[in-house]
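To start, the structure under review is shown below, and the notes come after it.
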There are 2 protein chains.
Amino acid sequence: MKSLVSRCPIEEVMQILSGRWPTLLIYYLKQGTKRFSDLRRDNPTISHKMLTLELRKLEDAGIVERTEFEGYPLRVEYQLTPAGHRLVPLIDALGDWWETTSDTSAHPGSTDAEAAVSNTASRD
Amino acid sequence: MKSLVSRCPIEEVMQILSGRWPTLLIYYLKQGTKRFSDLRRDNPTISHKMLTLELRKLEDAGIVERTEFEGYPLRVEYQLTPAGHRLVPLIDALGDWWETTSDTSAHPGSTDAEAAVSNTASRD
DNA sequence: AGTAAATTACGCACCTTTTTGTAACCACGA
DNA sequence: TCGTGGTTACAAAAAGGTGCGTAATTTACT
């Protein structure tokens, strides 16, 4: 399924972090332990299926740990592994870089003609 | 153009860096100025369409600068902007993080089950 | 000399592949 | 029956590949 055979570690990380969900999920999970339904509440635009898929991917990557509790309505908890926690500041650094760049002198001539992406009114 | 309407800068960066090409292209561009055809030679599996699209995206993001020279067979050169150069170590850090983590016995994506599934015989 | 071909960096249209969404279903016990 | 976490099948959408056309000028062939 995901035997990454790329010569370059960067390619491998990007394979895991690419897409809109991985970093978002990590962002929410750094707040602490979350259950499946918590994460769905955190970002309501992710579909049930995507959430399972992405969580599985992060699990396989050793970023997230899944803990299943016996019980009536089956409870599962997700949390960052130590490696996952070490990843957080690196992701944050990217965010900082972006803020700095857009701030200073990056893309000046932004013809933001086709901006208008529908904002799904979720909030932080 | 960075007309991304997300509340979170991390989401915005990931929108740019997601996929297999952006970081690869940055990787090659950090070696210096490259022409379109150079980049195609650097990684021959990218199609000309993808290369133009990705370069355009990186340009809009202020990571890459495009210089067009007048002339017969039209020459165009690409190079990292200062912001692009500042991005490089951050990406490298992700690569380092991945190497470190995979080292500490995490998630080698190859559970024997799935290893059996895909034999990497003739894969592009 | 005249015409055809090649070169470089694309744009565009068409088609395939991959990813993602939708929805229905499973199990369990209150 | 509901709610939990999850799977599967199918449909829609997005990503990506292929190949042709274009510009302007040099070179290659006849």
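In the text below, chain A, chain B and the rest are named by the order of the sequence lines, each starting its count at 1.
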Does R20(A) have a side-chain nitrogen or oxygen under 4.0 Å from the phosphate oxygens OP1 or OP2 of dT20(C)?
-> no
Provide, to the nearest angstrom, the distance between the CG atom belonging to N43(A) and the P atom belonging to dG21(C).
-> 11 Å
For E59(B) and dA9(C), give me the distance from atom CD to atom C1', rounded to whole Å.
-> 13 Å
For L53(A) and for L55(B), find the nucleotide of DNA chain C with the closest heavy atom, then tell me which residue's nucleotide is more 5'.
-> L55(B)
Go through the steps for D92(A) and K30(A) under the test salt bridge (Lys or Arg N to Asp or Glu O under 4.0 Å), then give the verdict.
-> CA-CA 12 Å; D92(A) 286 341; K30(A) 83 181 172 190; 3.6 Å; yes
Take atom CZ of F36(A) and atom P of dT4(D), then tell me their distance rounded to the nearest Å.
-> 11 Å
When the aromatic ring centroids of H48(B) and F36(B) are compared, is their separation below 6.0 Å?
-> no
Given atom CD1 of I46(B) and atom C1' of dG16(D), what is their separation to the nearest angstrom?
-> 10 Å
Distance, rounded to the nearest Å, where E54(B) contributes CD and dA15(D) contributes C1' | 10 Å
Would you say a side-chain N or O of R35(B) is under 4.0 Å from OP1 or OP2 of dA9(C)?
-> yes
To the nearest angstrom, the CH2-C1' distance between W21(B) and dG16(D) comes to 10 Å
Decide, yes or no, whether a salt bridge links D38(B) with R41(B) under the criterion of side-chain N to carboxylate O below 4.0 Å.
-> yes
Please determine, for the side chain of S37(B), which listed nucleotide (dG5(D), dA9(C), dG3(D)) has the closest atom?
-> dA9(C)
Report yes if a donor N or O on one partner sits less than 3.5 Å from an acceptor N or O on the other, where the partners are the side chain of H48(B) and the base of dG11(C); otherwise report no.
-> yes
Looking at dT20(C), dG17(D), dG5(D), which one has an atom nearest to any side-chain atom of K49(B)?
-> dG17(D)
Ignoring the backbone of P73(B), work out which of dG5(D), dT20(C), dT8(C) is nearest its side chain.
-> dT8(C)
Considering just the side-chain nitrogens and oxygens of R75(B), establish if one lies under 4.0 Å of OP1 or OP2 belonging to dA9(C).
-> no
Classify the nucleic acid contact of F69(A) as base, sugar-phosphate or nothing, counting any heavy atom under 4.0 Å across all strands shown.
-> nothing
So, for G62(A) and T81(A), which heavy atoms are closest and what is the spacing to 0.1 Å?
-> O-OG1, 2.6 Å
Atom-pair distance (CG on D38(B); P on dT8(C)), nearest Å | 10 Å
With sugar-phosphate meaning primed atoms plus P, OP1 and OP2, does R40(B) contact a base, only sugar-phosphate, or nothing at under 4.0 Å between heavy atoms?
-> nothing
Write down the distance between CZ (R41(B)) and P (dT7(C)), rounded to a whole number of angstrom.
-> 11 Å
Is any side-chain nitrogen or oxygen of T52(A) closer than 4.0 Å to OP1 or OP2 of dG5(D)?
-> no
For dT18(D), does OP1 or OP2 lie under 4.0 Å from any side-chain N or O of S47(B)?
-> no
Which pair of non-hydrogen atoms, one from Y28(A) and one from D42(A), has the smallest distance, and what is that distance?
-> OH-O, 3.4 Å
Give R56(A) one of three labels, base, sugar-phosphate or nothing, depending on what nucleic acid heavy atoms sit under 4.0 Å from its own.
-> sugar-phosphate
Could you tell me whether the side chain of S18(A) and the main chain of Q15(A) form a donor-acceptor pair under 3.5 Å?
-> no
